[in-house]
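Below is one structure, written out as structure tokens; the observations come after it.
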Amino acid sequence: MSAVAVQIPPTLALPSRLDAMGGARTWLDAHARIAGFDPVASSELQLALTEALSNVIRHSYRSADNETILLSVLVDADTLTLTVRDFGDKFYRATLRSVDLGSPQVGGYGVYFIEALMDEVEWDTSVEQGNLLRMVRLRASGPRG
Amino acid sequence: MDLSTARVRGIVVLAVVGEIDAANVAHLRSCLDDLLVKGEHNFVIDLTDVSFMDSSGLATLVQLFKRVRIGQGDVRLCGMQPKVKRVFELIRLDRVFDTFAGQGEAVASFPLLSEPQP
């Protein structure tokens with residue numbers, strides 16, 4: 001009997017609901033594991049994705065649950081690139097306050113996690129509608145923190 | 001996410017099973033709110049079976065920590081898997097919460113408390 005290769009689609013369309021985030025994590029974990037990321041590194045990628053999705057759903061889409069979020073992943077020899085495309089309100093990174101790690105806060109860590117866990121992060125608001133978040137993680141980079 | 005609570009030596013031991021994210025964190029928050037309303041202020045949160053936690057889960061634990069400290073209580077954590085521990089370390093919450101390997105050590109780290117009279 002010949003083995004059947006399982007194809008994980010490189011793109012995923014999600015409804016703008018928080019309960020869809022678990023499925024997106026499973027999808028990304030499959031790509032990360034195939035690409036050779038260990039479980040901790042894969043978990044870090046999943047955390048960055050979760051924070052990005054949560055921000056899109058709650059802020060760009062203002063918790064409307066009938067919108068769409070498009071994900072894509074691209075793996076090459078050196079990097080894993082993850083994109084999150086939404087069609088909601090624009091997100092301007094510069095408007096966010098920086099996180100004070102000296103005192104515990106009851107929120108505001110989402111963007112901090114994204115930027116701490118990924119090697120390159122770009123919020124492209126030049127797209128005609130919504131936002132395109134591009135996150136790159138080097139395959140050779142070790143765990144963060 | 002599944003939650004189970006026990007009371008050991010006057011301390012609430014809350015065991016969480018599953019993933020904690022913004023989709024289900026309200027369940028955890030509601031459970032903690034109920035316990036706080038009942039006057040509980042010393043907690044051990046057992047994260048042994050938590051496979052993933054996002055910033056909403058962390059925020060809930062920070063909020064609990066701040067609330068119980070007002071009443072001279074404390075929150076101690078146990079059983080964190082490495083990938084969950086990494087999240088705490090990233091934002092230096094490992095310096096805020098005392099962490100232990102298991103429930104027994106975490107409960108024993110509290111001073112002896114008198115049980116409330118029935």
### Task
Pick whichever of Leu93(B), Ile91(B), Val96(B) has the most heavy-atom pairs under 4.5 Å with chain A.
Ile91(B)

### Query
Top residue by heavy-atom pair count (under 4.5 Å) with chain A, among Lys66(B), Met53(B), Gln81(B), Arg95(B)?
Lys66(B)

Tell me, for [X] versus chain A, whether the close heavy atoms (under 4.5 Å) come from the side chain, the backbone, both or neither.
X        : result
Val87(B) : both
Leu61(B) : neither
Gln63(B) : both

### Message
Is it the case that the side chains of Asn42(B) and Asp74(B) hold a donor-acceptor pair, with the cut-off being a distance below 3.5 Å and no angle test?
### Response
no

### Message
Side chains of Thr11(A) and Ser72(A): any donor to acceptor distance under 3.5 Å?
### Response
no

### Task
Would you check, one step at a time, whether the test side chain to side chain donor-acceptor pair (under 3.5 Å) holds for Ser109(B) with Glu105(B)?
CA-CA 6 Å; Ser109(B) 71; Glu105(B) 296 100 312; over 6 Å; no

### Atom CZ of Arg62(A): over 12 foreign heavy atoms under 6.0 Å
no

### Task
Counting only heavy atoms closer than 4.5 Å, note whether Ser43(A) contacts chain B via side chain, backbone, both or neither.
both

### Atom group of Arg25(A) that falls short of 4.5 Å from chain B, counting heavy atoms
side chain

#### Entry: Glu120(A) with Arg137(A): basic N within carboxylate O range, under 4.0 Å
no

### Message
Whether Lys83(B) and Glu44(A) form a salt bridge (side-chain N of Lys/Arg under 4.0 Å from carboxylate O of Asp/Glu) is what I want to check.
### Response
no

